[in-house]
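Step one of this worksheet: look at the structure below.
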Amino acid sequence: MLKFPYCNVTDLNQALAQCRFVGLLGPLASRRQSPRAVVSCSPSSSEFSLTPVQAVMSCQQQVGSSLVNRLRLGGLTEDGFSYKEKFIIRGFEVGINKIATIETIANLLQEVGSNHAQSVGFSTDGFGTSPTMRKLHLIWVTARMHIEVYKYPAWRDVIEIETWCQNEGRIGTRRDWILNDVATGEVFGRATSKWVMMNQDTRRMQKVSDDVKEEYLVFCPREPRLAFSEKNNKSLKRIAKLEDPVRYSKLGLKPRRADLDMNQHVNNITYIGWVLESIPKEIIDTHELQAITLDYRRECQQYNVVDSLTGLELTEGSKMVSVGTNGSATATATTREDDHDCHRFLHLLRLSSDGREINRGRTEWRKKPTR
């Protein structure tokens, strides 16, 4: 088993404080020319011109490779266009079966994405904003998240997550992840997400300007790189709205203080827990989540009350099969004729007060493996 030695994080903060980036994230004069930046990692070091990616990586190296290796906090890959970080699955991140929960996986994805943004010099306020975005009071908000887990890591497993971002249309950007088991090198999960730009004051969506694009595209892969191949890509599938009446529901869900993020709104991961609240018990007991897609449609605040609705998804080539009973009526779910152990559901989170949509979702469940 891989172990991570203890180290005082204060030492890292003090070391990083010695790095100063001058003009690193400023708008580029031309897309055709390599952007230049001046980096100074100590008051006495000589200044030299580097591209933004080279400047970041050079300064990280000068902070001290031994410190980075000892902390194992992760860092930019060799080309500077993606970020990798290792984690140990801890006791409070697993369920009763000692297997990591989907909320744990989603939290780690969010953590790696945030650390990637900070590693290239973007803001440390948790929003990953560029200088132009902060000047105009703009932030990134999640529009869609899709996660697939092929095999869940267990307690004390060491995993590595790689992430990168790239442009996605006129008003958004895209972030992808690949999750690996460090011991075996196997890919056990993938994820992708779409983010849109919102004005923090008006709460309205806003087009990504060229100035903002030039600030972050220098840290993105030069060629499109996707966690999922375009063929049979479930992450692109449209989610139909679930209409009443529904078979399963959990009403009156209320955000806790711990559910709020740094923007004083309900954290993206909380929605996953709310979706699972209305999954039938017979599915929870016998199956595990293999894929989840969430479309975020409305912000949820601390004093909102939420209803979680779940219904069956009937797809092409599917039929209705029995998965258990709820005491009086037979509970059913959908399955493809060639996959009797897979069940699919549609989900809707809405405000209890007026029924306005907060979130649409889709989940796929497979039979729990024998461990």
Revision key, fill the gap. Note: L242 and G311 closest approach over all heavy atoms is CD2-N, 3.5 Å
Check your understanding: Is K250 atom NZ crowded by more than 12 heavy atoms from other residues, nucleotides or ligands, each under 6.0 Å away?
Key -> no
Practice item. Working to the nearest 0.5 Å, report the span between CZ of F188 and CD1 of I159. Key: 4.0 Å
Check your understanding: Do W164 and T77 come within less than 4.5 Å of each other through their side chains, counting heavy atoms only?
Key -> no
Review point. Is there side-chain contact between R298 and L351, with at least one heavy-atom pair below 4.5 Å?
Key: yes
Exercise for review: With rounding to the nearest 0.5 Å, note down the distance linking NZ in K241 to CG in L348.
Suggested key: 6.5 Å
Revision key, fill the gap. When every non-hydrogen atom of I269 is compared with those of E103, the smallest separation belongs to CG2-O, 3.8 Å
Practice item. Classify the side-chain pair E215/T132 by whether it contains a donor and acceptor separated by less than 3.5 Å. Key: yes
Review point. Would you say I102 and Y152 make side-chain contact, with heavy atoms under 4.5 Å?
Key: yes
Review point. Are N233 and S235 linked by a side-chain donor-acceptor pair shorter than 3.5 Å?
Key: yes
Practice item. Please report the C-alpha distance between E364 and K234 in whole Å, then the side-chain angles of each, then the deciding distance to 0.1 Å, and finally whether the salt bridge (charged side-chain N to carboxylate O under 4.0 Å, His left out) criterion is met. Key: CA-CA 11 Å; E364 294 186 10; K234 299 176 184 177; 3.0 Å; yes
Review point. Should the ring pair W274 and Y271 be called parallel, tilted or perpendicular, given that the plane angle runs from 0 to 90° and is split at 30 and 60?
Key: perpendicular
Practice item. Could you name each residue pair satisfying side-chain hydrogen bond (donor to acceptor under 3.5 Å, both in side chains) that touches residues 138-147, not counting sequence neighbours? Key: T142-N268, R144-D295, H146-E148, H146-T293
Check your understanding: Roughly how far apart are L136 CG and M197 CE, rounded to 0.5 Å?
Key -> 9.0 Å
Exercise for review: Tell me, yes or no, whether the heavy-atom count around R204 atom CZ, taken from other residues, nucleotides or ligands under 6.0 Å, exceeds 12.
Suggested key: no
Review point. Any idea which heavy atoms bring R360 and A240 closest together, and the distance?
Key: NH1-C, 3.9 Å
Practice item. Sort out for me which residue in V112, L109, T163 forms a side-chain contact (heavy atoms from CB on, under 4.5 Å) with R175. Key: T163
Exercise for review: Check whether any side-chain heavy atom of T363 lies under 4.5 Å from a side-chain heavy atom of V275, and answer yes or no.
Suggested key: yes
Practice item. Determine the minimum heavy-atom distance between N167 and Y216, stating which atoms define it. Key: OD1-OH, 3.1 Å
Practice item. For residues N359 and I239, determine if any side-chain heavy atom of one lies less than 4.5 Å from a side-chain heavy atom of the other. Key: no
Point to revise | Test item: side-chain donor near acceptor, H347 and S278, under 3.5 Å | key: no
Check your understanding: Should D244 and R350 count as an ion pair when the cut-off is N to O under 4.0 Å?
Key -> yes
Exercise for review: Could you tell me how the ring of F122 sits relative to the ring of F219: parallel (under 30°), tilted (30 to 60°) or perpendicular (over 60°)?
Suggested key: perpendicular
Review point. Do L226 and Y83 belong to the same hydrophobic cluster, where Ile, Leu, Val, Met, Phe, Trp and Tyr are linked whenever their side-chain heavy atoms lie under 4.5 Å apart, directly or via other members?
Key: no
